[in-house]
Amino acid sequence: MRIDILTIFPEILSGPFDHSIIKRAQKAGIVEIHLHNIRDYSTNKHKKVDDYPYSAGAGMVMSIQPIDDLISKLKSERNYQAIIFTTPDGLTFNQNHANHLSTFENIIILCGHYKGIDQRIRDHIVTHEFSIGDYVLTGGELAAAVITDSIVRLIPGAMSDETSALSDSFQDGLLSAPVYTRPADYKGWKVPEILLSGNERKIEEWKLEQAIDKTKRLRPDLLNPSKK
Ligand code: 6GU
């Protein structure tokens, strides 16, 4: 898979992908992550990437030209299945979106900024708009990092133990059961007896029961998605 991220602050995104699973996946050739500075594509002599909005409003708006030129160049090189725009007024990103996007060959993520971008980019170029939650970030870069991380770890081969992505919280619509490691008794804080029993069938039953209990307690909305 190839992910192209378009931003006016590439420095923000150079760190998050240089560690752990995401770094290993890139080294193994499972994913390529390319950062592009939108400013490099501005034809303006001062490399301007924004302009004053038509009508009232204090903030600046990102211009079409550099973004269109950059995306056109990328599209001339390969086919993209999704051109994602990160914005607080997008659909709230979830595990289903991550699963779906992880099956794509090439995607573009355009990081939102300022007051916004010229609406015509959203109308004519962007195919998906995502928010990562109901709070406001300075820009779309951290959202792009979150979305990229959630996708890359799902690509087959990205994780050393492939079953671990399947047992994630949310993957089956439930939060994960608690986990423990040695010692079995730490200053009187004990690991649940059942986990020491060696009875795999009973342990699986216990884990499912724990997952359901925990989900009921902490995230009842996950058990009743229609009532959200
Ligand atoms: Cl995608 N962008 C910004 N600026 N703020 C956000 C967001 C995105 N998702 C949640 N808050």
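The first residue of the sequence shown is numbered 1, and numbering continues consecutively from there. Whatever order the structure lists ligands and atoms in, that order sets their numbers, starting from 1.
- Electrostatic pairing of K202 and E205 does not count as a salt bridge here, judged by no charged N lying under 4.0 Å from a carboxylate O.
- For the atom pair OG1 of T87 and CG of L137, the computed distance is 10.5 Å after rounding to the nearest 0.5 Å.
- Protein heavy atom in closest approach to atom 1 (Cl) of ligand 1: T87 N, 3.1 Å.
- For G133, the heavy-atom gap to ligand 1 drops under 4.0 angstrom.
- Remark: Y41 OH to L6 CG distance equals 8.5 Å, nearest 0.5 Å.
- Atom CG in N94 sits 8.0 Å away from atom CZ in F130 (nearest 0.5 Å).
- Given atom 9 (N) of ligand 1, the protein heavy atom at minimum distance is I132 N, 2.9 Å.
- Short contacts between ligand 1 and T86, defined as distances under 4.0 Å to a heavy atom of the residue, involve ligand atoms 1 (Cl).
- Ring geometry for Y180 versus W206: interplanar angle of 30 to 60°, hence tilted.
- The protein heavy-atom contact nearest to atom 6 (C) of ligand 1 is Y135 O, 3.5 Å.
- In this structure, the protein non-hydrogen atom closest to atom 4 (N) of ligand 1 is L137 O, 3.0 Å.
- Each of the following atoms of ligand 1 lies closer than 4.0 Å to a heavy atom of S131: 1 (Cl), 9 (N), 10 (C).
- Between K73 and D4 there is no salt bridge, since no side-chain N of the basic residue sits under 4.0 Å from a carboxylate O of the acidic one.
- Heavy-atom distances between F130 and ligand 1 reach below 4.0 Å in at least one pair.
- Using a 4.0 Å cut-off between heavy atoms, D134 makes no contact with ligand 1 at all.
- Inter-residue side-chain proximity for H113 and I38 is flagged as unmet; no heavy-atom pair is nearer than 4.5 Å.
- Nearest to atom 2 (N) of ligand 1 among the protein's heavy atoms is P88 CD, 3.6 Å.
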